[in-house]
Amino acid sequence: MIQMAVLGFGTVGGGVVEVIDRNQDVIRKTVPQGIYVKYILDLRDFPGNPYNDRVTHDYQDILDDGEIEVICETMGGREPAYTFTRKALERGISVCTSNKELVAAHGPELLEIAKAHNCSYLFEASVGGGIPLIRPINACLTQEDITAVFGILNGTTNYILTRMEKSGLSFENALREAQEKGYAERNPAADVEGHDACRKIAILSSLISGKTVRYEDIPCEGISRVTTVDFGYARSINRAIKLLGVSRKLENGKLSVRTAPFLVREDHPLHSVQDVFNGVFVHGNMVDDLMFYGRGAGKFPTASAVVSDVMECARNIGRNIGCNWSGEILSIADPKEESYRYFVRVGKEEEREAGELLHADFMVHYEGAPADERAFVTAVMTEREYEEAVKSLSSVKQCIRLLQD
Ligand code: HSE
């Protein structure tokens with residue numbers, strides 16, 4: 001049997017153990033020797049849990065065992081996940097992870113260590129939850145010049161936005177539901193402020209460019225300022241508000257990358273991606289548009305993706321599964337040069353001035369809109385032009401980009 005260990009017995013780690021147990025017969029069709037979880041590392045004990053006898057509090061037990069060939073790092077966060085991962089890879093033990101924070105921060109370095117020690121560092125579950133996305137990009141699309149990847153990359157915020165839109169739930173109640181369902185990060189700010197989606201688009205951008213796109217370089221806005229009033233306006237122009245990660249190759253070869261809420265037209269496939277589901281478009285120069293869709297968070301979908309990596313490692317013991325991602329930093333395109341149409345809400349008193357400065361194209365109304373404000377969609381402007389124009393206005397309440405049609 002392939003012996004493995006799970007680091008972190010939380011939602012995803014617990015899911016990994018259960019998937020391996022419940023689907024052992026299915027797994028054996030591809031990995032005939034089977035997979036056995038020998039250790040679970042956690043600070044806690046789990047009295048009454050059938051796996052409690054496998055729990056250790058000492059990582060050294062796992063490293064020194066001598067039989068462990070694969071480790072699932074489902075702890076999340078930078079440390080001690082980084083140190084534990086390094087130590088495992090340096091001993092030739094493959095590591096599979098759902099930890100996008102660690103992958104975004106140290107991916108290329110850990111990939112190098114894995115290569116040097118004939119083992120693998122795989123991270124299918126780090127983007128898109130249960131959606132097979134990383135392996136298709138790394139294995140099925142290596143013949144393509146991938147010119148764009150964009151979509152809904154965070155299940156929690158998509159769940160919140162859907163509940164606000166469809167059921168009129170408050171932001172707080174929708175977030176609480178997402179937390180109860182095990183979708184949200186330990187610190188929900190990582191979801192609602194867009195950092196999680198930003199790390200995911202950084203990982204995808206790195207994979208399509210082969211270099212490192214630092215998430216710190218990517219403009220990042222979350223959904224904490226989106227209100228039910230915005231949904232009222234959005235509905236009246238047949239759009240939904242979605243938090244998107246967007247990465248596009250420009251004609252000059254640079255990559256333009258951003259994470260922000262966007263107004264998405266109802267005839268766009270991303271419009272119908274609801275609840276915890278993620279939807280990701282990949283555009284290749286030969287294959288054209290591909291769309292990947294599935295549950296972007298949650299115990300079993302995420303665990304399923306981790307276990308798919310474990311099986312890939314089990315089939316490649318003693319070999320490195322390569323990945324085209326170097327540590328060279330990619331300088332991304334100037335975000336201020338991006339052009340959009342913007343949905344803007346301003347105080348009624350600045351209606352005329354705002355309309356002129358921001359080149360209002362058409363007004364947006366809905367029954368129930370606050371009487372003391374006006375809303376409109378601008379003509380196409382660069383970010384720089386928008387920022388300049390808005391400086392002389394004092395009553396701008398909202399600005400959301402329209403996804404280019
Ligand atoms: N909090 C993340 C999300 C978990 O909601 O998408 C999966 O990465």
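Both ligands and their constituent atoms are indexed starting at 1 by order of listing.
Cation-pi geometry between Arg401 and Tyr340 is met: under 6.0 angstrom from the ring centre, within 45 degrees of the axis. A cation-pi geometry, defined here as NZ or CZ lying under 6.0 Å from the six-membered ring centre and within 45° of its normal, does not hold between Arg239 and Phe343. Annotation: cation-pi pair Arg199/Tyr215 present, NZ/CZ under 6.0 Å from the ring centroid and within 45° of its normal.
Val276 is not listed as a side-chain neighbour of Lys181, based on a closest heavy-atom distance of 4.5 Å or more. Between Val246 and Val149 the shortest side-chain heavy-atom distance does not fall below 4.5 Å.
Counting the atoms of ligand 1 from 1 in the order shown, those under 4.0 Å from a heavy atom of Tyr183 are 1 (N), 2 (C), 3 (C), 4 (C), 5 (O). Heavy-atom proximity to Asp196, at under 4.0 Å, picks out these atoms of ligand 1: 2 (C), 6 (O). Under a 4.0 Å criterion applied to the non-hydrogen atoms of Lys200, ligand 1 contributes the atoms 2 (C), 3 (C), 6 (O), 7 (C), 8 (O).
Contact between Gly296 and ligand 1 is present, with at least one heavy atom of the residue lying under 4.0 Å from the ligand.
Residue contacts with ligand 1, taken as heavy atom pairs separated by less than 4.0 Å, do not involve Thr157 at all. Contacts with ligand 1 closer than 4.0 Å are made by heavy atoms of both the backbone and the side chain of Asn154.
For Asp191, a nitrogen or oxygen atom sits less than 3.5 Å from a nitrogen or oxygen atom of ligand 1, counting backbone and side chain alike.
With respect to atom 6 (O) of ligand 1, the closest heavy atom belonging to the protein is Gly155 N, 2.8 Å. Remark: minimum distance from atom 2 (C) of ligand 1 to any protein heavy atom is reached at Glu185 OE2, 3.1 Å. Closest protein heavy atom to atom 5 (O) of ligand 1: Thr156 OG1, 2.6 Å. In this structure, atom 8 (O) of ligand 1 lies nearest to the protein heavy atom Lys100 NZ, 2.5 Å.
The residues Glu373 and Arg345 are annotated as salt-bridged, a charged nitrogen and a carboxylate oxygen being separated by less than 4.0 angstrom. Between Asp334 and Lys336 there is no salt bridge, since none of the side-chain N atoms of the basic residue sits less than 4.0 Å from a carboxylate O of the acidic one.
Aromatic ring orientation, Phe9 versus Phe46: perpendicular (interplanar angle above 60°, classes split at 30° and 60°).
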